[in-house]
Amino acid sequence: MSLSPPEPAPTLSQLLAFYLEAGVDCALAEEPINRLADPDLVPAPTAREAPQTPVARPMPAAPLLSGLAEPPPAPDAAIASARELARTAPTLEELRALMEKFDGCALRSTATRLVFADGNPKSRVMFVGEAPGRDEDIEGLPFVGRSGKLLDRMIAAIGLDRSKVYIANVIPWRPPGNRTPTPQETLVCLPFIQRQIELVDPDLLVTLGNPSTQTLLGTREGIMRTRGRWFDYDTGTRVIRALPTFHPAYLLRSPSYKRMSWQDLRTIAKVLAK
Ligand code: URA
C-alpha cells in the first residue's frame, strides 16, 4: 500500500486568501482571541480531573464575542422591541438615535456603524436596497460602493442626484462578509425601515432587487415578474405607489437587463414629472 505524502500546511497568505474567498473580510476585534485559553469560557479542571489525563474541554454553546457585553434579546422580544421603538419615533433624527442604541439585532455588533440613509428626506422618491456592504459600512452611507456608483448614474440619467432622492436599506447594519441577512434579522429590522418610509412619506417608493421588494411589498414573486409593475405600499396612514426594479449589483453582473431598468427609470421620471 503506498501512502501519499501529507499535504504541506497552508501558508498564512493562503489561509487569508481562503478566508477572503469564504467571505471573511473584516475583523471583529483588534486582537485574535484564543478561546481555549480564556478561563471565563473554559471551565477550570476539577480536583478529580486535574491530574495527567488531557481532557477535552467543552466550548460554551455560543461563545460571546469580545466587546459584546450581553447576548442579543430573544427573537420575538427583539421584534416586539423594534416595533415599539419605531412606533414611538416622531422624527427621522429620533428614529436614527433609537436605532443607534438598539441592541436587538446581532448585526449591530459585527458592523462598524449604522447605515441609516442618504439624500433628501423631503424627496418625493425613496429608493430602498437590501443591506449595506463593506464600503457602506466604512462610510456610514448607503450605496457608496460599486453598485452605489451605478445607482448614481441611473438616477442621473433621469435628471436626479442624491440631493433630490432619499436612499435607505431594509437592513441598516452590514451582515458580516456581506452574507444574506437571515429572515430573523430582516424581521427585527423591518419596523425601522417601515417607520422610515412613513416619516419620509414619499410619493413613490422604489424597491431595489428581490429582498427589498419581497420584504416591503409582501410578495413572493421574483424580481423578473415584479419589476416595472405597480404595487401599493400601505404605511398605515397613506397608500404609496411602489415600483420594484433591478438592484444595481444585479445590473453589474447582468448588464443586459439595463434596458429593462431604463424603462423603469423612465416610469419613475414620468411619475415625478406630474
Ligand atoms: N447594496 C444594498 O442593497 N445596499 C447598499 O447600501 C449597498 C449595496
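Values reported hereafter were calculated over all heavy atoms of this structure, with side chains retained and with hydrogens, waters and symmetry mates removed.
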Checklist entry - Quick one: does D201's side chain get under 4.5 Å of I240's, heavy atoms only? => result yes
Next on the checklist: I need the minimum non-hydrogen distance between S147 and P248, along with the two atoms involved.
Outcome noted: O-CB, 3.3 Å
Item to check | For D234, salt bridge (charged side-chain N to carboxylate O under 4.0 Å, His left out) partners two or more places apart | outcome: none
Checklist entry - Step by step, would you call Y257 with H247 a ring pair (Phe, Tyr, Trp, His ring centres under 6.0 Å)? => result CA-CA 10 Å; Y257 291 109; H247 193 288; over 10 Å; no
Checklist outcome for this item: From the list R241, R238, K274, salt bridge (charged side-chain N to carboxylate O under 4.0 Å, His left out) with D203 holds only for R238
Next on the checklist: Heavy-atom count check: over 12 atoms from other residues, nucleotides or ligands less than 6.0 Å from R259 CZ?
Outcome noted: no
Next on the checklist: Quiz question: by atom type and distance under 3.5 Å, do the side chains of T235 and T237 form a donor-acceptor pair?
Outcome noted: yes
Checklist entry - Looking just at side-chain N and O atoms, do T207 and S212 make a donor-acceptor pair shorter than 3.5 Å? => result no
Next on the checklist: Measuring from atom CD of E185 to atom CD1 of I171, what distance do you get when rounded to the nearest 0.5 angstrom?
Outcome noted: 6.5 Å
Next on the checklist: Can a donor-acceptor pair be found, under 3.5 Å and without considering hydrogens, that links the side chain of N120 to the backbone of K164?
Outcome noted: no
Checklist entry - Tell me, do I193 and M126 make a side-chain contact under 4.5 Å, heavy atoms counted? => result yes
Checklist entry - Charged N to carboxylate O below 4.0 Å: is that the case for E93 and R96? => result no
Item to check | Nearest heavy-atom neighbours spanning R124 and V271 | outcome: NH2-O, 3.7 Å
Item to check | Crowding at CZ, R83 (>12 non-hydrogen neighbours, <6.0 Å) | outcome: no
Checklist entry - Does any N or O in the side chain of T245 come within less than 3.5 Å of the main-chain N or O of L208, such that one atom is a donor and the other an acceptor? => result no
Checklist entry - Looking at CZ of F143 and CG of D152, how far apart are the two atoms once the value is rounded to the nearest 0.5 Å? => result 10.0 Å
